[in-house]
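Shown next, in structure tokens, is the structure this report addresses.
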Amino acid sequence: MDEFVNDIPMDTPREEPLQLTHSIYELLRTHLDAQAFPEGLVLGEASIARALDVSRTPVRTALDLLLAQGRLVAHSGRGLLVSYG
């Protein structure tokens, strides 16, 4: 988790929200690593937050980290695009 904590922006609240962000990040990363999402799927923070019954803030942080790691691709519309290639 220390590696993850170092990637979180300093203005991100700590403790419980950070644990929630980490859990969301790990869930999405695991699915991306397993290529469980269809190629081209648009991941939007609102739909993920609704599906997980959480606020959008930890979802946004997790998605931003996955984007920075190159695991997702910016989409001209809303959300981020799943691309395995």
Side-chain angles (χ1 to χ4, degrees):
M1 180 151 164
D2 289 74
E3 174 184 327
F4 178 75
V5 170
N6 292 333
D7 291 335
I8 298 294
M10 293 305 294
D11 60 347
T12 300
R14 298 289 182 192
E15 298 307 318
E16 189 174 313
L18 180 59
Q19 291 174 352
L20 180 58
T21 299
H22 180 71
S23 295
I24 295 167
Y25 165 82
E26 286 295 325
L27 176 70
L28 294 172
R29 185 187 57 79
T30 299
H31 280 73
L32 289 166
D33 288 350
Q35 295 189 1
F37 295 126
E39 178 99 19
L41 177 70
V42 176
L43 296 178
E45 67 184 52
S47 58
I48 294 170
R50 198 171 29 254
L52 298 176
D53 195 26
V54 299
S55 73
R56 292 171 61 163
T57 302
V59 174
R60 182 181 313 119
T61 304
L63 288 172
D64 286 346
L65 182 56
L66 291 165
L67 177 64
Q69 293 174 343
R71 295 174 183 267
L72 297 173
V73 177
H75 179 54
S76 61
R78 297 164 60 134
L80 299 170
L81 194 65
V82 173
S83 176
Y84 299 116

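In this structure the side chain of Leu66 never reaches within 4.5 angstrom of the side chain of Leu43, judged on heavy atoms. Between Leu28 and Leu72 the shortest side-chain heavy-atom distance does not fall below 4.5 Å.
Annotation: the span from Ile24 atom CD1 to Thr21 atom OG1 amounts to 6.0 Å, rounded to 0.5 Å. How far NE2 of His75 is from CG of Leu41: 10.0 Å, rounded to the nearest 0.5 Å. Distance CD/Glu45 to CG/Asp64: 8.0 Å, rounded to 0.5 Å.
Considering only residues two or more places apart in sequence or on other chains, Asp33 meets the side-chain hydrogen bond (donor to acceptor under 3.5 Å, both in side chains) condition with Arg29, Arg71.
In this structure a side-chain-to-backbone donor-acceptor pair under 3.5 Å is present from Tyr84 to Phe37.
Pairing each heavy atom of Leu81 with each of Gly40, the nearest pair is CD1-O, 3.0 Å. Summarising the geometry of Ala49 relative to Arg56, their closest heavy-atom pair is CB-CG, 3.9 Å, with the distance given to 0.1 Å. Val42 approaches Gly79 most closely through the heavy-atom pair CG1-CA, 4.0 Å.
Note on Leu52: it clusters hydrophobically with Val82, by side-chain heavy-atom contacts below 4.5 Å among ILVMFWY residues. No continuous path of ILVMFWY side-chain contacts below 4.5 Å connects Tyr25 to Val73, so the two sit in separate hydrophobic clusters.
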